Amino acid sequence: MEPDGVPEVVVVGSANVDLVLPVQRIPRPGETVLAGVMTRGPGGKGANQAVASARAGARTAMVASLGDDDGGALMRDALGSSGVDLSLVSSTSAPTGTAIITVDASGENSIVVAPGANSELSLSEAAAAAVAAAKVVLAQLEIPFPTVQDAAAASSYFILNAAPAAELPDELLAEVDLLVVNETEAEAIAGADRSALLKKVPAAVVTLGAAGAVILTRGDDEIAVPGLPVDVVDTTAAGDTFCGVLAAALSAVSATDAITSSDLTNAVRRATVAASLSVQAAGAIPSVPHGDAIDARYAEVYL
């Protein structure tokens, strides 16, 4: 256990105000559809993941850039009330990032992001020190690429959620300890054969939506973690919940021990449970479950 006040998990990532539009179906190119009542709430891949980590019980800090506007105030309140350390969050004159999310009747979504202040995020001296001290560092690709590279280089255990999908240079992948991607993102990095990911990183988790996830590690057989059947309300932030809870679970491994295949399997199971809980509620941060709910459902499924 780290000394009190030292973050176990540092999330380097985006924070967005989400504008959520419920629709019967997601529009095709060139098509206009009517939406129901729009809701406005906190989100962004980095913020969602930081909240998920904190609610799962890990001491969590976030490195982010917010606008000096009402959206920034909304994000600070949402993060702080979930127990995320905000000391490394900076403010800028650029507007807080915004995501426009359409959610159809089956709970599937389509998202467009205007990065805003996220585009100005860099790793300050204090942020770099926190990244170096953390047990686990988690980043995504909604922030400037050089910032992701700096975080990877400074960390001792680096998880990259390579979303949105992008081709990644070998110099970044060489710094990644664990890659988390969905099937589309995996194909962008390694082609159709997901096992080829292990030519680039030592371990990877490929999420499969309702089907669960698979764990790939060098020298071991592929491990499947099945999904849990639930009634889906909204899939927004399910992947982010997965990543944040995964990081929190791995941060609980003793600092003197290397993370084993068994540790990773148990962490992916917890993350899968958390994601299954998140899709049963609407919204991004509002849908992220707390640790007691994760513990109870995990015990039902695995103990």
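Keep in mind that this is a model prediction, so the values were computed, not measured.
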A.B. asks: How long is the gap from CG on Asn16 to CD1 on Ile285, to the nearest 0.5 Å?
C.D. replies: 10.0 Å

A.B. asks: Tell me whether Arg76 contacts the main-chain N or O of Leu66 through its side chain, where contact means a donor paired with an acceptor under 3.5 Å.
C.D. replies: no

A.B. asks: Run the side-chain contact (heavy atoms from CB on, under 4.5 Å) test on Asn48 and Thr241 for me, step by step, so that the C-alpha distance in whole Å, both residues' side-chain angles and the decisive distance to 0.1 Å come before the verdict.
C.D. replies: CA-CA 7 Å; Asn48 297 339; Thr241 296; over 6 Å; no

A.B. asks: Please check this pair: side chain of Asp263 against backbone of Thr260, looking for a donor-acceptor N/O pair closer than 3.5 Å.
C.D. replies: yes

A.B. asks: Using modelled atom types only, decide if a donor and an acceptor are shared between the side chain of Gln280 and the backbone of Ser276 within a distance under 3.5 Å.
C.D. replies: yes

A.B. asks: When clusters are formed by joining ILVMFWY residues with side-chain heavy atoms under 4.5 Å apart, either directly or through shared neighbours, do Val245 and Val273 land in the same one?
C.D. replies: yes

A.B. asks: So Glu183 and Val206, do their side chains get closer than 4.5 Å, heavy atoms only?
C.D. replies: yes

A.B. asks: Can you check whether Leu179 reaches Leu197 side chain to side chain, under 4.5 Å on heavy atoms?
C.D. replies: yes

A.B. asks: So, the side chain of Lys135 versus the backbone of Val253: is there a donor-acceptor pair under 3.5 Å, distance only?
C.D. replies: yes

A.B. asks: Let me confirm one number: the CD-OG1 distance from Glu108 to Thr102, rounded to the nearest 0.5 Å.
C.D. replies: 10.5 Å

A.B. asks: Between Val225 and Thr272, which heavy-atom pair has the shortest distance, and what is it?
C.D. replies: CG1-OG1, 3.8 Å

A.B. asks: Give a yes-or-no answer on whether the side chains of Asn109 and Asp104 include a donor-acceptor pair shorter than 3.5 Å.
C.D. replies: no

A.B. asks: Would Val136 end up clustered with Val84 when hydrophobic side chains under 4.5 Å apart are linked, directly or stepwise?
C.D. replies: no

A.B. asks: Checking side chain to side chain contact (heavy atoms under 4.5 Å, CB included) between Met75 and each of Thr96, Asp69, Asp70, which is the one that passes?
C.D. replies: Thr96

A.B. asks: Which atom pair, heavy atoms only, marks the closest approach of Ser287 to Ala284?
C.D. replies: OG-O, 2.8 Å

A.B. asks: Using a 4.5 Å cut-off on heavy atoms from C-beta on, say whether the side chain of Pro7 contacts that of Thr60.
C.D. replies: no

A.B. asks: Report whether Tyr298 and Val301 are members of the same hydrophobic cluster (ILVMFWY, side-chain heavy atoms less than 4.5 Å apart, transitive linking).
C.D. replies: yes

A.B. asks: Has Ser119 got a side-chain atom pairing as donor or acceptor with Pro115's backbone, closer than 3.5 angstrom?
C.D. replies: no

A.B. asks: Please check: side-chain N/O of Asn118 versus main-chain N/O of Ile143, any donor-acceptor pairing under 3.5 Å?
C.D. replies: no

A.B. asks: Looking only at heavy atoms, what is the nearest atom pair of Ala58 and Ser251, with distance?
C.D. replies: CB-OG, 3.8 Å

A.B. asks: Is there a side-chain contact between Glu31 and Arg25 in this structure, where contact means two heavy atoms from C-beta onward sitting under 4.5 Å apart?
C.D. replies: yes

A.B. asks: State, yes or no, whether a side-chain contact exists between Val233 and Val279 at a heavy-atom distance under 4.5 Å.
C.D. replies: no

A.B. asks: Is Ile215 close to Glu222 at the side-chain level, that is, under 4.5 Å between some pair of heavy atoms?
C.D. replies: no

A.B. asks: Just by modelled atom types, is the Ala78 backbone N or O under 3.5 Å from a matching donor or acceptor in the Ser81 side chain?
C.D. replies: yes

A.B. asks: Testing the 3.5 Å rule here: is there a donor-acceptor pair between the side chains of Ser14 and Glu142?
C.D. replies: yes

A.B. asks: Closest heavy-atom contact between Ser82 and Ala54?
C.D. replies: O-CB, 3.4 Å

A.B. asks: Are any side-chain N or O atoms of Arg40 and backbone N or O atoms of Asp18, one a donor and one an acceptor, separated by less than 3.5 Å?
C.D. replies: no

A.B. asks: Would you confirm whether Arg269, through its side chain, and Tyr302, through its main-chain N or O, come within 3.5 Å as a donor-acceptor pair?
C.D. replies: no

A.B. asks: Can you confirm whether the side chains of Thr147 and Asp150 place a donor and an acceptor under 3.5 Å from each other?
C.D. replies: no

A.B. asks: Within a reach of under 6.0 Å around CD of Glu125, are more than 12 heavy atoms found that belong to other residues, nucleotides or ligands?
C.D. replies: no

A.B. asks: So, Thr265 versus Arg270: side-chain donor-acceptor pair below 3.5 Å or not?
C.D. replies: no

A.B. asks: Does this structure show an ion pair linking Asp170 with Lys200, if we count only N-O contacts that are shorter than 4.0 Å?
C.D. replies: yes

A.B. asks: Find out whether Phe158 and Leu178 are in side-chain contact, i.e. whether some heavy atom of one side chain is under 4.5 Å from a heavy atom of the other.
C.D. replies: no

A.B. asks: Have a look at Val214 and tell me which of Leu208, Val205, Ile223 forms a side chain to side chain contact (heavy atoms under 4.5 Å, CB included) with it.
C.D. replies: Leu208

A.B. asks: If you take all heavy atoms of Ala50 and Val11, which pair is closest and at what distance?
C.D. replies: CA-CG2, 3.8 Å

A.B. asks: To the nearest 0.5 angstrom, please state how far the CE atom of Met62 sits from the CG atom of Leu88.
C.D. replies: 10.5 Å

A.B. asks: Check for me, please, whether Val180 and Leu173 land in the same ILVMFWY cluster - side-chain distances under 4.5 Å, paths through other members count.
C.D. replies: no

A.B. asks: Check the hydrophobic clustering (I, L, V, M, F, W, Y; side-chain heavy atoms under 4.5 Å; chains of links allowed) and say if Val288 and Val9 are grouped together.
C.D. replies: no

A.B. asks: Report yes if some heavy atom in the side chain of Gln149 is under 4.5 Å from a heavy atom in the side chain of Glu171; otherwise report no.
C.D. replies: yes

A.B. asks: So, the side chain of Glu8 versus the backbone of Arg59: is there a donor-acceptor pair under 3.5 Å, distance only?
C.D. replies: yes

A.B. asks: Using a 4.5 Å cut-off between side-chain heavy atoms of Ile, Leu, Val, Met, Phe, Trp and Tyr, which other residues end up in the same hydrophobic cluster as Ile101?
C.D. replies: Val20, Val103, Ile111, Val113

A.B. asks: Without hydrogens or angle criteria, can the side chains of Glu120 and Ser65 be said to hold a donor-acceptor pair below 3.5 Å?
C.D. replies: no

